[in-house]
Every structure is written in structure tokens, then in C-alpha cells.
Asker: 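Below you will find the structure I want to go over with you.
Keep in mind that what you see is a predicted model, and the values were worked out from it rather than measured. First listed ligand is number 1; within each ligand, the first listed atom is number 1.
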Amino acid sequence: MALIVQKFGGSSVADLARIRNVAQRVARTVDAGNQVVVVLSAMGDTTDDLIAMAKAITPHPSEREMDMLMTTGEQQSVALLAITLQAMGYKAVSLTGEQAGIRTDRVYSRAKIISIDSVRLERELASGKIVVVTGFQGIDSLGEIHTLGRGGSDTSGVALAIGLNADFCEIYTDVDGVYTADPRIVPEAHKLPEISFDEMLEMSSLGAGVLQPRSVEMAKTFNMPICVRSSFNDNEGTMVKEEVEMKQLEQEVLVSGVAYDDDLVKVTVYGVPDRPGIASVLFCALADAKVNVDMIIQSGHRNGKNDISFTTSKEADGKLEEVLEPVIAELGADNFTLETDVAKVSIVGAGMITNPGVAARMFKCLYENGFNIDMISTSEIKVSCILKKEGAKDAVRKLHEYFGL
Ligand code: ASP
Ligand code: MG
């Protein structure tokens with residue numbers, strides 16, 4: 001008997017028919033002799049709809065009330081699944097994040113899970129029940145409700161799998177697994193049978209929206225294998241795990257995937273005095289405002305001044321001016337601009353560690369196809385380029401072909 005955590009995304013529970021489909025899949029897993037903990041997202045676009053409702057009242061609703069509001073979405077879906085399972089003759093119970101013992105830090109709207117008290121979960125499992133837990137939420141030490149950031153149910157699923165010492169975590173979504181590129185951009189993209197935690201981490205941080213990056217980080221830290229698969233068919237899916245098979249390494253797969261992200265704002269601060277400590281002031285202010293900065297470039301200075309550019313997600317757009325204006329004044333910088341017509345195109349592959357020249361080949365491909373590179377950043381297994389948004393999807397197709405994916 002295995003203990004399996006099965007997480008289903010919003011599209012998998014979008015209506016009652018799909019909830020029934022999920023119930024049948026869970027039931028099959030139980031009938032095969034396994035214990036199952038189910039983690040659900042809110043039905044379909046519920047979270048977006050709830051956000052839109054609040055924003056129709058005021059453009060900046062309080063983060064506490066937003067968390068209170070958004071967590072109702074997952075409460076609906078778990079109760080409906082438990083009712084469906086019970087109607088099919090199975091013992092099931094739904095639990096909120098609090099009831100499931102999910103403890104978070106005290107950051108509203110993107111809290112981190114700090115511990116799982118699994119006593120209640122274990123008791124329910126021991127009594128033969130299927131336990132259905134709300135994704136995306138937990139409570140802090142004061143009993144306040146927090147959400148885990150968009151897509152946070154993935155992290156709930158992985159955290160519960162770790163907390164319960166489950167055999168593995170299945171993440172069911174509306175695609176078959178992890179692809180070499182977004183099939184909507186590259187029709188020739190194909191499914192990867194497996195991918196390492198590190199590669200997956202890069203892919204999901206780069207906007208390949210299959211898994212919340214935090215969930216992959218956690219799975220890597222605790223070595224919890226994740227299987228990403230579709231809730232609409234029985235195809236095998238992609239295993240995200242520590243080591244990829246030797247055969248993949250032998251074939252010298254340099255690049256495993258190409259990612260595209262246009263959920264991006266590029267900020268340039270002009271005329272920053274060239275003094276020690278400047279970057280620290282600027283980026284500490286951004287960090288204090290919980291703005292996640294991605295790429296950073298400081299240009300060569302002239303007349304004792306530098307330009308500093310960085311990128312962040314569009315989510316931060318609303319508060320950037322508010323954060324930057326006082327900092328610019330404090331630093332004595334000239335001014336700043338925000339650009340949203342940019343996109344990030346990235347190649348990811350563990351093979352880059354041992355094979356030099358992969359970045360050079362990427363630049364060559366972009367150059368030969370007439371793309372101008374605005375910013376570049378690299379890690380051991382990734383190269384990202386910021387391009388003008390117009391045409392950037394074509395760059396993804398060109399790179400996919402160039403690296404023989
Ligand atoms: N319902 C939340 C969202 O839409 C959490 C999730 O789906 O994982 O972001
Ligand atoms: Mg999701």
C-alpha cells in the first residue's frame with residue numbers, strides 16, 4: 001500500500017462533471033489499495049473572478065481581506081469533491097489548510113509554508129478516509145489565513161506529500177506533462193518523460209506555468225518525486241526527480257527546453273551616482289516591498305553615473321512607482337522608466353554544465369534570425385535573453401529547431 005498525494009488544478013475541477021471525473025480517478029487509486037490525500041485548486045477561474053470582484057470595489061484591496069476572500073475558492077472545491085466521493089460510497093472528509101495543520105509565515109498573498117502538523121491528517125487516513133485538502137492556504141501562528149501565491153496549490157500538494165512521508169506526489173493538470181516548449185507556441189514541442197529538479201526549477205521560474213517554482217524547490221530539498229500528468233487522459237506524464245536516466249545524458253541533450261515569459265516589466269533607473277552602497281539601497285527598498293527582482297544589469301558608467309536595469313513580474317507593476325520614487329530622490333538618480341513590451345526567452349538544460357558554448361550558439365541563432373538582445377542572464381543550466389515582445393515567440397520556435405528539440 002502506497003500513500004499518494006494527488007493534486008488537481010482548477011481546470012480539472014472546473015465543473016461538477018470534472019469533479020466527478022476527479023472523484024473516479026481518486027476512487028480507482030483507493031480501490032487499487034492505496035491511501036490518498038487529495039489537494040485541490042479552486043474551480044476553473046474562481047480565483048480570478050474573486051480578485052476581479054474585489055478590484056471592482058477598489059484598485060488596492062487589503063491583502064488580508066484578499067486572502068480571506070481567495071481561500072473560499074478552494075473551500076468550495078474540496079467540499080464538493082468530498083460530497084461526490086461520499087455519494088459514490090467512499091469515506092471522505094474535506095479539510096481547510098488550518099484543519100490540515102498547514103502552518104505558514106505571516107506574509108499575506110504569498111506566504112511560505114513553515115511546517116505541517118499531520119496529526120489530524122494521519123487520524124483521518126487511519127480511519128480509512130480519503131482526505132481532501134484545500135490547496136493554496138494555511139494559517140500563521142496567530143490564526144490568520146494566508147494564501148501561498150498564485151499557483152500555490154502545487155506547493156500545498158508537495159508540502160503535504162513531504163509532511164506525510166508520502167511515496168510520491170502526482171500533480172494533475174490540463175496538459176500531459178512538461179514539454180520542450182509551450183505547445184501553443186511551438187506545435188512540434190514534445191513531452192519529456194522525465195526532467196531533473198534543477199531543470200524543472202529553471203523551467204517553472206521562467207514562466208513555463210506547469211508547476212509553481214516554490215513547489216519544485218521544496219520537492220528538490222526533500223527529494224520528493226513529482227509526477228505531472230493530465231486529469232483528462234491516462235498518458236504517463238513527466239517525472240520530476242533527482243537523476244535523469246543515463247540514456248538522456250549519453251545522448252548529450254544540451255538543451256531540454258525553451259521557455260517564454262512575457263509577464264515582465266523592465267525597469268531602468270538612469271543616472272545613479274557611482275558610489276558604493278547604491279545597489280544595496282535600491283534593491284533593499286524593492287525587497288522590503290516584496291518585489292521579486294529577476295535580471296539585473298548595471299551599465300558602464302559615464303561622468304560618475306550608472307544606469308541600472310532590472311526585470312520583475314507584472315504583478316509588481318502597481319507598486320513600482322510608489323517604491324522607486326522616494327529611492328530615486330534619496331540616491332540622487334535622474335529618473336526611471338518602466339517597459340512592458342519585453343519578453344524573456346530562455347534555454348534550459350543540465351547538459352550545459354559539461355558542454356561549453358551553448359550560450360554562444362543561442363546568441364548566434366538569435367542573431368541569424370534578426371533578433372536584438374536587450375539583457376542576458378545565465379545560470380549553470382540556463383541562458384535567458386530579454387527581447388522586444390514583438391516576435392519573441394518566433395525566437396522560441398527558432399531556438400527549439402536550432403537545438404534539435
Ligand atoms: N486557486 C489558486 C490560483 O488560481 C491556487 C492554485 O490554483 O494553485 O492561483
Ligand atoms: Mg496551477
Asker: Side chains of Leu164 and Leu3, heavy atoms from C-beta outward: is any pair under 4.5 Å?
Answerer: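 Touching, per the 4.5 Å side-chain cut-off.
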Asker: N/O to N/O below 3.5 Å, does that happen between Ser41 and ligand 1?
Answerer: yes
Asker: Measure Gln212 to ligand 1 on non-hydrogen atoms and call it side chain, backbone, both or neither using the 4.0 Å cut-off.
Answerer: neither
Asker: Looking only at atom types and distance, does a side-chain atom of Thr155 sit under 3.5 Å from a main-chain N or O of Arg214, one as donor and one as acceptor?
Answerer: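 It does not hold such a pair.
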Asker: Taking only heavy atoms of Glu74, which atoms of ligand 1 are found under 4.0 Å from at least one of them?
Answerer: 1 (N), 2 (C), 5 (C)
Asker: Pairs of nitrogen or oxygen atoms closer than 3.5 Å, one from Gly151 and one from ligand 1: do any exist?
Answerer: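 Yes; the residue has a nitrogen or oxygen that sits under 3.5 Å from a nitrogen or oxygen of the ligand.
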Asker: Could you walk me through whether Phe310 and Phe283 pass the ring pair (Phe, Tyr, Trp, His ring centres under 6.0 Å) test, one step at a time?
Answerer: CA-CA 10 Å; Phe310 61 89; Phe283 292 104; 5.5 Å; yes
Asker: If the cut-off is 4.0 Å to any non-hydrogen atom of Arg150, which atoms of ligand 1 fall inside it?
Answerer: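 Ligand 1 atoms under the 4.0 Å threshold to Arg150: 3 (C), 4 (O), 9 (O).
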Asker: Could you tell me whether Arg397 and Glu401 make a salt bridge, using a distance below 4.0 angstrom between a side-chain N and a carboxylate O?
Answerer: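 Salt bridge between Arg397 and Glu401, a charged N being under 4.0 Å from a carboxylate O: no.
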Asker: By the definition side chain to side chain contact (heavy atoms under 4.5 Å, CB included), identify the one residue from Thr147, Ile139, Leu148 that meets it with Thr104.
Answerer: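 When Thr147, Ile139, Leu148 are each tested with Thr104, the side chain to side chain contact (heavy atoms under 4.5 Å, CB included) holds only for Leu148.
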Asker: Gly152 near ligand 1, heavy-atom distance under 4.0 Å?
Answerer: yes
Asker: Test your reading of the structure: does Lys7 have an N or O sitting under 3.5 Å from an N or O of ligand 1?
Answerer: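 Among all N and O atoms of Lys7, none is under 3.5 Å from an N or O of ligand 1.
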Asker: Provide the full list of salt bridge (Lys or Arg N to Asp or Glu O under 4.0 Å) pairs with a residue in residues 317-326, sequence neighbours left out, each pair given once.
Answerer: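 Qualifying pairs: none.
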